[in-house]
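Notes to accompany the following structure.
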Number of protein chains: 2
Amino acid sequence: MAHHDICADCAVRDQALCSSLTDVELQALNTLGRRRKIARGQTLIWAGDDSIICANLLSGVLKLVAATPNGREQIVGLLYPADFVGQPYAGQADFTITALTESELCIFPRDAFERVLEDHARMERLLLQRTLAALGIARTRILSLARQSAQEKIAGFLLDMALRATATGCRATPDGPMTFDLPLTRGQIADVLGLTIETVSRQMTRLKTAGVIALPGGRAITISDPDALQGRAEAA
Amino acid sequence: MAHHDICADCAVRDQALCSSLTDVELQALNTLGRRRKIARGQTLIWAGDDSIICANLLSGVLKLVAATPNGREQIVGLLYPADFVGQPYAGQADFTITALTESELCIFPRDAFERVLEDHARMERLLLQRTLAALGIARTRILSLARQSAQEKIAGFLLDMALRATATGCRATPDGPMTFDLPLTRGQIADVLGLTIETVSRQMTRLKTAGVIALPGGRAITISDPDALQGRAEAA
DNA sequence: CGCATTCTTGATGTACCTCAACACTAGTGG
DNA sequence: CCACTAGTGTTGAGGTACATCAAGAATGCG
């Protein structure tokens with residue numbers, strides 16, 4: 001009985017991969033999946049572990065972390081609600097996946113999930129499209145990491161976060177000043193942008209001093225002058 | 001008649017996506033595809049153009065280039081024989097694709113190719129698996145670009161190229177000294193690794209001076225001490 | 001041979017890192 | 001309620017890896 005309505009109250013039913021399935025088809029996944037909450041800082045998958053789970057992210061933010069043999073770390077991707085989590089068709093997981101905020105997932109055993117993919121071409125196609133999009137994003141980040149200055153990286157990142165904040169219900173127009181909470185610490189922002197925590201902090205205060213942003217305290221940020229920020233994201 | 005044997009002499013028949021098709025199925029693609037040679041330096045697809053072609057790379061090396069609004073460039077991916085080229089399900093191309101060496105492709109109109117994908121689940125699955133692999137590679141390069149020193153980048157790159165050279169028939173074992181030709185100029189290596197041409201050159205001579213590699217002239221390189229090179233690729 | 005491209009090497013600059021100290025915030029227990 | 005502490009953020013001083021600017025040496029093609 002409990003199983004039957006896992007998907008009924010799903011917040012991302014129409015945005016996740018499941019949107020490719022009819023209500024009837026959803027029953028199949030229903031019996032396979034189970035909900036799981038994980039706390040901030042908790043790791044879902046360790047790099048090197050057997051890749052045994054796939055999931056849809058229902059709420060929260062996850063980080064995808066790669067590390068060099070000698071321990072330097074880099075966040076190679078962020079996952080948001082409705083994003084697909086995991087590596088189907090892979091032996092071992094390539095990256096460590098950890099929760100940045102309290103998160104909720106809908107988890108499937110990898111092998112069972114692959115079988116569902118095989119039976120549902122629409123879903124497989126949707127996953128392909130998402131993977132292609134993720135590839136484009138990853139490659140764009142390669143450009144950004146290799147060729148942008150710290151200032152440009154920070155400005156671009158803040159615009160990204162602002163866009164995502166507006167997308168998540170906050171407000172419709174990205175023009176004009178807006179305030180929201182960053183879901184990442186300075187250290188995590190540094191890990192995303194390939195900088196150090198000090199450089200992130202300094203660039204933020206530089207933007208604050210220039211009147212482009214304000215930092216009301218806590219993890220909040222207000223974009224006072226989006227155009228100026230945009231300009232700094234593309235500065236020569 | 002000419003159409004009938006496009007695939008007959010295909011060098012990558014068993015490695016490209018087409019390996020998922022039976023000889024009979026191949027007939028369908030046969031009528032869609034056409035061979036095309038492009039010269040070194042010639043561009044196949046410009047970023048921003050409508051994404052209207054997909055292709056298999058038969059021979060040669062292509063670069064995938066991203067650029068910032070103000071003109072800085074970065075190679076975000078390299079494509080080798082049997083690799084898939086193009087962006088299905090995309091409106092515009094995200095990156096410029098240019099030949100680094102004379103290359104030969106087997107080209108399909110994108111819309112026709114997508115229809116083939118829809119009719120051939122095995123092929124679509126193979127493309128999904130390749131795209132997932134490419135995503136992993138791109139993310140690993142994010143780590144490398146953001147957190148590795150110039151020395152580590154160069155060492156890792158040379159090992160990569162050596163591996164690829166051995167894979168392409170040269171010799172079986174990657175141990176012991178080996179010589180091969182780099183398909184990229186110093187400038188292109190710099191574009192791949194997010195460095196400048198001068199830094200690439202300096203690091204190469206540093207490796208040469210240390211006796212780890214030798215540069216017999218031209219575009220040739222010999223890896224004299226693979227272990228030492230491996231060590232420098234992971235240096236603290 | 002001569003010209004263009006690629007490669008090397010040097011001198012100098014600077015953006016970012018490293019090390020270090022201190023301020024703020026938030027959660028804990030007395 | 002307020003000290004106490006751990007985590008997080010800010011700011012400064014100094015160093016360094018890489019970029020930039022500049023000149024010359026190889027290589028390769030017509």
Side-chain angles (χ1 to χ4, degrees), chain A residues 39-42 63 68 70-74 98 100-102 144-155 157-158 181-210 213-221 232 235-236, chain B residues 39-41 63 68 70-74 100-102 144-155 157-158 181-210 213-221 232 235-236:
Chain A
R40 177 182 148 87
Q42 201 181 331
K63 66 174 178 179
T68 61
N70 46 77
R72 277 166 287 174
E73 282 193 357
Q74 173 68 27
T98 305
L100 290 178
T101 67
E102 190 185 42
S144 144
L145 283 166
R147 300 295 181 194
Q148 289 194 290
S149 68
Q151 177 90 192
E152 291 168 294
K153 287 179 186 175
I154 294 281
F157 175 80
L158 292 179
D181 271 21
L182 291 173
L184 280 69
T185 68
R186 296 293 133 96
Q188 288 159 351
I189 295 173
D191 280 349
V192 170
L193 300 179
L195 301 169
T196 60
I197 192 171
E198 295 96 327
T199 301
V200 172
S201 188
R202 272 186 253 269
Q203 295 297 337
M204 295 280 260
T205 62
R206 197 141 95 82
L207 289 172
K208 188 178 73 176
T209 309
I213 63 171
L215 302 168
R219 207 142 289 170
I221 179 171
R232 280 163 196 264
Chain B
R40 176 182 149 86
K63 66 174 178 181
T68 61
N70 46 75
R72 278 165 288 175
E73 282 193 357
Q74 173 68 28
L100 291 179
T101 67
E102 189 185 42
S144 144
L145 283 166
R147 299 295 181 197
Q148 289 193 291
S149 68
Q151 177 91 193
E152 292 168 293
K153 287 179 187 176
I154 294 281
F157 175 80
L158 291 180
D181 271 22
L182 291 172
L184 281 69
T185 68
R186 300 284 189 267
Q188 287 160 352
I189 295 174
D191 280 350
V192 170
L193 300 179
L195 301 169
T196 60
I197 191 172
E198 296 95 330
T199 299
V200 172
S201 188
R202 272 186 252 270
Q203 295 297 337
M204 296 278 261
T205 61
R206 198 140 95 81
L207 289 173
K208 187 179 71 174
T209 309
I213 63 172
L215 301 169
R219 207 145 285 166
I221 180 171
R232 279 160 197 265

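Convention: sequence-line order gives letters A, B, ...; per-chain numbering from 1. The shown structure was predicted, so the numbers you read here are calculated from the model rather than taken from an experiment. Side chains are part of it too, since the values below use all heavy atoms of this structure and drop only hydrogens, waters and symmetry mates.
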Under 4.0 Å, counting only non-hydrogen atoms across every strand here, what does [X] touch: a base, just sugar-phosphate, or nothing?
X      : result
A:R40  : sugar-phosphate
A:G194 : sugar-phosphate
B:T196 : base
B:I197 : nothing

Any donor-acceptor pair under 3.5 Å from [X] side chain to [Y] backbone:
X      : Y      : answer
A:Q42  : A:T98  : no
B:R72  : A:Q148 : no
B:T209 : B:T205 : yes

Please determine whether any donor N or O and acceptor N or O are separated by less than 3.5 Å between the side chain of [X] and the base of [N].
X      : N      : answer
A:R202 : D:dG12 : yes
B:R206 : C:dT9  : no
A:E198 : C:dC19 : yes

Residue whose nearest DNA chain D nucleotide is more 5′ - A:S201 or B:P216: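 Comparing both residues, the 5'-ward one is A:S201.
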Interatomic distance where [atom1] belongs to [X] and [atom2] belongs to [N] [whole Å]:
X      : N      : atom1 : atom2 : value
B:L195 : C:dC7  : CG    : P     : 15 Å
A:Q203 : D:dG12 : CD    : P     : 14 Å
A:K208 : D:dT10 : NZ    : P     : 7 Å
B:R186 : D:dA25 : CZ    : C1'   : 14 Å
B:L215 : C:dT9  : CG    : C1'   : 14 Å
B:D191 : D:dA19 : CG    : P     : 12 Å
B:L145 : D:dA17 : CG    : P     : 19 Å
B:D181 : C:dT6  : CG    : P     : 16 Å

Can you tell me if the side-chain N/O atoms of [X] get under 4.0 Å from OP1 or OP2 in [N]?
X      : N      : answer
B:T199 : D:dA19 : yes
B:R219 : C:dC7  : yes
A:T205 : D:dT10 : no

Evaluate the criterion side chain to side chain contact (heavy atoms under 4.5 Å, CB included) for residue pair B:V192 and B:Q188; output intermediate values, then yes/no. CA-CA 6 Å; B:V192 170; B:Q188 287 160 352; 5.6 Å; no
In terms of the nearest nucleotide of DNA chain C, which residue is placed more toward the 5' end: A:G218 or A:S149?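 Going by which nucleotide is closer to the 5' end, it is A:S149.
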Applying the side chain to side chain donor-acceptor pair (under 3.5 Å) test to B:Q203, which of B:Q151, B:E152, B:E198, B:K208 qualifies?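 Going through B:Q151, B:E152, B:E198, B:K208 one by one, the side chain to side chain donor-acceptor pair (under 3.5 Å) with B:Q203 is satisfied by B:Q151 alone.
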